[in-house]
Structures are given as C-alpha cells and as structure tokens.
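Let me begin by presenting the structure, written as structure tokens, before commenting on it.
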Amino acid sequence: MYVIACYDVPAKRTEKYRKLLARYLIGIQESVFVGDLTDTQFRALQRDTKMLYTDEDYIIWITTENRRNVRLEHWKEGRRMEDADHLGSAVL
C-alpha cells in the first residue's frame with residue numbers, strides 16, 4: 001500500500017516522530033512522510049506510533065492500495081512539478 005503520514009505535534013515531540021516515521025517512510029517535508037509498505041509494515045508503524053502518541057498529538061494517515069492510484073503534484077519555489085517517479089511501481 002502507498003502511505004502518506006502527516007503529523008502536528010508539540011515542538012518537543014517532533015524529533016521523536018521524525019525518527020519513527022523515517023524508519024518506515026521517506027520524509028518529503030518537515031512533518032510529511034510517504035512510501036510503500038506492506039500491510040504488516042503499516043500495522044507495525046501504527047503500533048509503534050501508538051506507543052509514542054499522546055492526546056496532544058495529531059496524526060493523519062492517508063493510504064491507497066498502491067501508488068499507481070495517486071497523482072502527486074509539488075509546488076515549490078514558484079514552480080509546479082508533477083511527480084511521476086512513483087507511477088508503475090508498487091508493493092503488492
């Protein structure tokens with residue numbers, strides 16, 4: 001499955017989340033991580049996150065069956081770029 005994880009947590013906890021998510025996914029922004037995971041890997045990531053989670057934390061999980069079903073568009077430095085690197089490759 002293709003996973004997008006975003007978080008908004010107190011500043012003192014951001015490094016913990018960054019390190020945890022970086023073990024499973026690729027960071028594309030300060031608090032946004034993406035990548036392909038198997039169901040087992042995703043469950044492990046959520047289990048590990050639950051151990052770190054407090055009521056102050058806000059996490060969003062966006063999942064799709066595979067990355068071929070997702071269109072990514074980046075806006076950076078005044079330019080619009082479509083990310084087609086992920087098309088056609090997926091963990092099934």
With a 4.5 Å heavy-atom cut-off, do [X] and [Y] have their side chains touching?
X     : Y     : result
Tyr53 : Val9  : no
Leu25 : Leu37 : yes
Gln41 : Val3  : no

- [ ] For Ser31 and Tyr7, indicate whether the former's side chain and the latter's backbone hold a donor-acceptor pair under 3.5 Å.
- [x] yes
Open item on the list: Tell me if a side-chain donor or acceptor on Asp57 pairs with a main-chain N or O of Thr54 at a distance below 3.5 Å.
Closed with: yes
Task: Gln29, CD atom: more than 12 neighbouring heavy atoms under 6.0 Å - done: no
Is [Y] reachable from [X] through a run of hydrophobic residues whose side-chain heavy atoms are each under 4.5 Å from the next?
X     : Y     : value
Ile59 : Leu52 : yes
Leu45 : Ile26 : no
Ile62 : Val34 : yes

Open item on the list: On a heavy-atom basis, which atom in Trp61 and which in Ala5 lie closest, and how many Å separate them?
Closed with: CZ3-CB, 3.6 Å
Rounded to the nearest 0.5 Å, what separation is found between the [atom1] atom of [X] and the [atom2] atom of [Y]?
X     : Y     : atom1 : atom2 : value
Thr64 : Ile4  : OG1   : CD1   : 8.5 Å
Thr38 : Arg43 : OG1   : CZ    : 7.5 Å
Met51 : Arg47 : CE    : CZ    : 7.5 Å

